[in-house]
Student: 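For reference, the structure I am asking about is given below.
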Protein chains: 2
Amino acid sequence: MTPNPKQGEKSVPHPEVPARPCSVAAALHLVGERWALLAIREIFYGNQRFDRIVRNTGAPRDRLAARLRALEEAGVVERRAYSERPPRFEYHLTEAGRDLAPVLHALLTWGDRWAVDTPPVVFRHRGGPGAEHDLDLASSTCRTCGEEVGPEGLTIEVRAPGWDRAGPVEDS
Amino acid sequence: MTPNPKQGEKSVPHPEVPARPCSVAAALHLVGERWALLAIREIFYGNQRFDRIVRNTGAPRDRLAARLRALEEAGVVERRAYSERPPRFEYHLTEAGRDLAPVLHALLTWGDRWAVDTPPVVFRHRGGPGAEHDLDLASSTCRTCGEEVGPEGLTIEVRAPGWDRAGPVEDS
DNA sequence: CCATGAGAGTTGGAATTTCAAACCCACACA
DNA sequence: TGTGTGGGTTTGAAATTCCAACTCTCATGG
């Protein structure tokens, strides 16, 4: 999979360049495989445990396990034990992982416009109690207040019925 | 791809949603398959013919043909004849396709930082003859002039040796 | 007239990946 | 003692991908 697992050296003396050297391609090589970005989305949402990620992405368990391992190896996520005996881990984003926010934002914005009827998730600015303002995701600027909004002031509003930030709501 | 391309019904009468409704997932469903974004990158670079895209992305020809067809169907690219007899086409971006620029920018920026040693492609502001200023891709703002730069003022500087915007330079 | 070549794909297997479902294991709870 | 939960593996079949070779149409050159 990874051409140079360690970096710095190529085992293959491949003098021919097979494709354009490109950061987009390099990025996709690390995070562009199926399920990878959806797993990262879930971790952004705070769903850091394996089963949650499986449920919310719909990925096959084995694929997700493989992807998370690859992302760990790529330095995008980090596996942190939250229990010894039995060993249990949760996945956190590294700085590189958190730095993928603009990628997800761009995809979200595009998808909102071109890939869905009505946006299932909306990010808003929680100005005060009861006050929820529209947010420009690209600039993290509140359209009402005009000010920049940090993560604290941010509300994720899941509009899709039956779902919230953590996953499907159980309606036993 | 399509959740159930053939079988119109599930054996289980379970109207359960399999995964979180999400614009990111919807977007990836349309443009997240292998080679798709790289093909779009090439079209952005002005390489609109099949062979060019094949050469520059390194994608297998059959995959690329399939991907381009899917992208056309998704309304992201458009196939335009540039010759009858023999029928020849080139691929152009639709509005939806052009709207993917922020996605590619985000991936490029991330890749520049986390996936390559040194950026193989740099976007710059062509202020005047000989004047090339750094550009902040996220905001399309020139770091020197402080002004917004439209597509006309934009230079794509390919730094990878042996490559330019059109593809590998022939050195014979 | 014939050969060569470009452009844009198809085609035919073989090699990989992916999938879904079942299984496993260690523990908690009741 | 039995059931449930969390976090995965394993398995074998199904779907995708890869690659090289092939096709078809025309243009060009000798």
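The chains referred to below are lettered A, B, ... by the order of the sequence lines, with proteins before strands, and numbering in each begins at 1. Computed from a predicted structure; not experimentally measured. Values reported hereafter were calculated over all heavy atoms of this structure, with side chains retained and with hydrogens, waters and symmetry mates removed.
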Student: Check side chain to side chain contact (heavy atoms under 4.5 Å, CB included) between B/A65 and all other residues, then give those that pass, not counting sequence neighbours.
Tutor: B/F50
Student: Just compare D/dG8, C/dG9, D/dT10 and give me whichever is closest to any side-chain atom of A/D62.
Tutor: D/dT10
Student: Sort and list the pairs that fulfil salt bridge (charged side-chain N to carboxylate O under 4.0 Å, His left out) and have at least one residue in residues 52-64 of chain B, not counting sequence neighbours.
Tutor: B/D51-B/R61
Student: Ion pair present between A/R80 and A/E90, side-chain N to carboxylate O less than 4.0 angstrom?
Tutor: no
Student: Can you list everything that forms a side chain to side chain donor-acceptor pair (under 3.5 Å) with B/S23? Sequence neighbours excluded, please.
Tutor: A/D112
Student: With heavy-atom distances below 4.5 Å as the criterion, would you say the side chains of A/L108 and A/R41 are in contact?
Tutor: no
Student: Nucleotide by nucleotide, 5' to 3', does protein get under 4.0 Å of the base (B), only the sugar-phosphate (S), or neither (-) in nucleotides 22-30 of chain C, counting heavy atoms?
Tutor: -----S---
Student: In residues 48-60 of chain A, what residues come within less than 4.0 Å of DNA chain D, judged by heavy atoms?
Tutor: A/R49, A/F50, A/D51
Student: Please report, rounded to the nearest Å, how far the C1' atom of C/dT18 is from the CD atom of A/E33.
Tutor: 12 Å
Student: Quick one: does B/R143's side chain have a donor or acceptor within less than 3.5 Å of a partner on B/D134's backbone?
Tutor: no
Student: Would you tell me if any nitrogen or oxygen in the side chain of B/Y91 comes within less than 4.0 Å of OP1 or OP2 on C/dG7?
Tutor: no
Student: Has A/R67 got a side-chain atom pairing as donor or acceptor with A/A36's backbone, closer than 3.5 angstrom?
Tutor: no
Student: Linking I/L/V/M/F/W/Y whenever any side-chain heavy atoms sit under 4.5 Å apart, do A/Y45 and A/F89 land together?
Tutor: no
Student: Counting only side-chain N and O atoms of A/R63, is one of them less than 4.0 Å from OP1 or OP2 of D/dT16?
Tutor: no
Student: Please name all residues satisfying side chain to side chain donor-acceptor pair (under 3.5 Å) with A/R113, sequence neighbours left out, ordered by chain then number.
Tutor: B/E95, B/D99
Student: Atom CG of A/L64 and atom C1' of C/dT18: how far apart are they, to the nearest Å?
Tutor: 13 Å
Student: Give the rounded distance in Å between these two atoms: CZ of A/R67 and C1' of D/dG8.
Tutor: 16 Å
Student: Taking only side-chain nitrogens and oxygens of B/W35, does any of them come within less than 4.0 Å of OP1 or OP2 of D/dT16?
Tutor: no
Student: Using atom CD of B/E84 as one end and atom P of C/dG7 as the other, report the distance to the nearest whole Å.
Tutor: 18 Å
